[in-house]
Protein chains: 2
Amino acid sequence: MPEKTDARDRLLVAAQALYAERGVAATTPRDVLARSAVGQGSLYHHFPTKRDLARAAVGRTVQEQLGTAKAELLGDATARERIGAYLLRDRDAVAGCRVGRLTSDPLVMSEDDLHRLVEGYFTDLITLVCDVLQEAGLSPDRARERATTIVAVVQGGYVLARATGDPDVMRSAVRGLFALLEEEKE
Amino acid sequence: MPEKTDARDRLLVAAQALYAERGVAATTPRDVLARSAVGQGSLYHHFPTKRDLARAAVGRTVQEQLGTAKAELLGDATARERIGAYLLRDRDAVAGCRVGRLTSDPLVMSEDDLHRLVEGYFTDLITLVCDVLQEAGLSPDRARERATTIVAVVQGGYVLARATGDPDVMRSAVRGLFALLEEEKE
DNA sequence: GTCTATAGAAAGATAGAC
DNA sequence: GTCTATCTTTCTATAGAC
């Protein structure tokens, strides 16, 4: 596929950005057209319905975010370092989590295929963290519980950073947990 | 104010319930009318714009949620027990946090007065938890960091429970944190 | 304070030419 | 594959009677 798939790609990139800003339900086809500078005919040619566009764009975002997490969690550093890398990553916290925010999106939650993309993201992410913790010697049960706590503190950090408009709140949230994890190891 | 303020109250209750289900932006005046069984004329008499209704209903929800948290965090139990009561409270996790979900609501985030209600909720909540932790002997800085972590894990628990449709994910998230807090005290 | 009717704008999508 | 024009429905709000 040469340069001609360009419009489709521009539409997806625009949709992803808009979903990150206002969510899927609140993003209109017109918004996507304006941001992508693509014509209306092209939009409905590539994506017959709003839902088709959402499925493609959200699927892409999920893959991208999962890729970032994998880079941190599957490296060859120690288990402890990899958890630290994930937890303490520099995030645009006030912007919110591109995937996590979709759990409050009425369109995503009402369409099964969209909901499943979000569910898959978090089950995969928790499993990734869980595997690292088992490597570090935790039992499967404790590893799963702790992995859930780790992913939750990041998601909650996003919520609090957005609510307060303050990126430091995310830093406090993840550092507070990291400190507890480190203490335990001493 | 006798029984005549009834319509206004029914509108608020209906709006609060709908906001919890789909958010503010996605809730139409018609939705509120249908659920409250109040007439259209009454709605616009009591709340001239959608935003007026949102301000009143969100303000009420914030007060209610804060009241619940205060009941747990300001009791006469030990600091440790009060933190446990807040953290391990039985929540309808799959339904999500009525306030936290608003951080992804485009209408709430774009209207300053609505945003401020959400911000106030979380700053108050973190401060409440922070005070309990200081009572327990933590320095102001460590108390604030840890309070942020505690509130974040709860908010993240909601996000993960909604994403997966599984209430046990919330339980894992908060128990994982509680276990770390208890370990430290031994 | 509540009712019915309706306005004006934006939403999501389709039609048919090129 | 892309364009312009248009259709239908829904949204938020207003008008004016009771």
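Worth knowing before you read on, the calculation uses all heavy atoms, side chains too, and leaves out hydrogens, waters and symmetry mates. Here is how names work: the chains are called A, B, and so on, in the same order as the sequence lines, proteins then strands, and each is numbered from 1.
Partners of Arg55(B) under the salt bridge (charged side-chain N to carboxylate O under 4.0 Å, His left out) rule, at least two apart in sequence or in another chain, are Asp52(B), Asp113(B).
Nearest-nucleotide mapping onto DNA chain C: of Ala37(B) and Pro48(A), the residue sitting toward the 5' end is Ala37(B).
Using a 4.5 Å heavy-atom threshold, the side chains of Phe122(B) and Gln155(B) count as touching.
Listed nucleotides: dT12(D), dG12(C), dT2(C). Nearest to the side chain of Lys50(A): dG12(C). Of the listed nucleotides (dG1(C), dC11(D), dG12(C)), dG1(C) has the atom at the smallest distance from the side chain of His46(B). Among the nucleotides dA13(C), dC11(D), dT2(D), the one closest to any side-chain atom of Ser42(A) is dT2(D).
Between the side chain of Asp105(A) and the backbone N or O of Ala25(A) there is at least one donor-acceptor pair closer than 3.5 Å.
A donor and an acceptor atom, one from each side chain of Thr164(B) and Glu119(A), are nowhere located under 3.5 Å apart. Donor-acceptor pairing under 3.5 Å is lacking for the side chains of Glu145(B) and Ser172(A). Between the side chains of Thr68(B) and Arg89(B), not a single donor N or O lies within less than 3.5 Å of an accepting N or O.
Remark: P of dT2(D) and CG of Leu43(A) are 11 Å apart, rounded to the nearest angstrom. Atom C1' of nucleotide dC11(D) and atom CG of Leu18(B) are separated by 15 Å, given to the nearest angstrom. Atom pair Leu107(B):CG and dA11(C):P shows a separation of 14 Å (rounding to whole Å applied). Rounded to whole Å, atom C1' of dA11(C) lies 15 Å from atom CG of Leu53(A). Straight-line distance from the CZ atom of Phe47(A) to the C1' atom of dT2(D): 15 Å, rounded to whole Å. The interatomic distance linking Arg51(B) (CZ) with dC11(D) (C1') rounds to 18 Å, in whole Å. What separates CZ of Arg8(B) from C1' of dT2(C) is a distance of 16 Å, to the nearest Å. One can place OH of Tyr44(B) at 17 Å from P of dT6(C), the figure rounded to the nearest angstrom.
Of the charged side-chain nitrogens involved, at least one lies within less than 4.0 Å of a carboxylate oxygen, so that Arg80(A) and Glu182(A) count as a salt-bridged pair.
The phosphate of dG1(C) (OP1 or OP2) has a side-chain N or O of His45(B) nearer than 4.0 angstrom.
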If you restrict it to nitrogen or oxygen atoms, what contacts under 3.5 Å exist between nucleotides 4-6 of chain D and the protein, and what is each distance?
residue : atom : partner  : partner atom : Å
dA5(D)  : N6   : Gln40(A) : OE1          : 3.4

